[in-house]
Amino acid sequence: MVREVYENELDQLLQLYLYLHEKFVPEMTEHLKNTWNTIIQDNNHHIIVNEVDGKIVSSCVCVIIPNLTRNIRPYAFIENVVTHADYRGKGYATECLNYAREIAEKTNCYKMMLLTGSKEEKTLNFYSNAGYNSSDKTAFIQWIE
């Protein structure tokens, strides 16, 4: 079942992020709690999850960004697309991305964007099959430490 994350599911989400690029689950600090509360209360920040048998197995983040161009239409940014290793290849992440598209359409976004650090052909084909292309724009990243 695809839906938005519930406030009490932070622990499950952090466990899932171990399959993304995280090395450990962060300690439940005041900073983490405040960040979680900020995300949960932000109407433009959507954490989409796919639940199977009561377990979150896949997720993505969809942030709607207000915009002053393109007829004052917002755009959506997709991040942290992840599926538990035992559940990959079953369409769960695609369902999350489709749900994100529904949110983007409902909020009148003119485009959706995502970045991936993966160079694996399987991952790149997954995003291409989900409707994203890598030819319209060039992404540049500046990391801040």
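Only a predicted model underlies this, so the values are computations on that prediction, with no experimental measurement involved. The residues of the chain are indexed from 1 along the displayed sequence.
- Distance check: Met1 CE to Ile56 CD1 gives 9.5 Å after rounding to the nearest 0.5 Å.
- More than 12 heavy atoms of other residues, nucleotides or ligands shown are found within 6.0 angstrom of CZ on Arg88.
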Audit row: Lys111, Lys137, side-chain contact (heavy atoms from CB on, under 4.5 Å) steps and yes/no: CA-CA 12 Å; Lys111 70 177 176 182; Lys137 300 259 184 177; 3.5 Å; yes

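- In this structure a side-chain-to-backbone donor-acceptor pair under 3.5 Å is missing from Glu95 to Val2.
- Rounding to the nearest 0.5 Å places CZ of Arg101 at 10.5 Å from CD1 of Ile78.
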Verdict with reasoning, Leu13 to Trp36, per side-chain contact (heavy atoms from CB on, under 4.5 Å): CA-CA 11 Å; Leu13 188 63; Trp36 180 243; 3.9 Å; yes

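- In this structure, Met28 and Leu10 approach most closely via the heavy-atom pair CE-CD2, 3.6 Å.
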side-chain contact (heavy atoms from CB on, under 4.5 Å) evaluation trace for Ile64 with His46: CA-CA 8 Å; Ile64 307 301; His46 305 270; 4.1 Å; yes

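- Minimum interatomic distance between Asn108 and Pro74 (heavy atoms only, all atoms of both residues): O-CD, 3.6 Å.
- Looking at Val25 and Tyr17, their side chains never come closer than 4.5 Å, going by heavy atoms from C-beta outward.
- Within a 6.0 Å sphere centred on CZ of Arg73, other residues, nucleotides and ligands contribute more than 12 heavy atoms.
- Side-chain atoms of Gln12 never come within 3.5 Å of backbone atoms of Glu9 as a donor-acceptor pair (strictly under, hydrogens ignored).
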Derivation of the side-chain contact (heavy atoms from CB on, under 4.5 Å) call for Tyr87 and Asn50: CA-CA 11 Å; Tyr87 294 84; Asn50 204 330; over 6 Å; no

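- The shortest distance between side-chain heavy atoms of Glu79 and Val63 does not fall below 4.5 Å.
- One N or O on the side chain of Thr107 and one on the backbone of Ile103 form a donor-acceptor pair closer than 3.5 Å.
- Closest approach of Val49 to Ser59, counting heavy atoms only: CG1-OG, 3.9 Å.
- Legend: residues meeting side-chain hydrogen bond (donor to acceptor under 3.5 Å, both in side chains) with Tyr19, ordered by chain and number and at least two apart, are His84.
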Kindly list each side-chain donor-acceptor pair under 3.5 angstrom involving residues 37-45, sequence neighbours excluded, with atom names and distances?
unit_1	atom_1	unit_2	atom_2	d
Asn37	ND2	Lys33	O	3.2
Thr38	OG1	Asn34	O	2.9
Asp42	OD1	Asn44	N	2.8

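- Applying the side-chain contact (heavy atoms from CB on, under 4.5 Å) test between Ser118 and each of Glu120, Lys122, Glu121 identifies Glu120 as the sole match.
- Side-chain contact between Val81 and Cys96: absent, with no pair of heavy atoms (C-beta onward) separated by less than 4.5 Å.
- Across Leu20 and Val82, no two heavy atoms sit closer than the pair N-CG2, 3.7 Å.
- The minimum heavy-atom distance between Ala100 and Cys60, with the atom names listed, is CB-SG, 4.3 Å.
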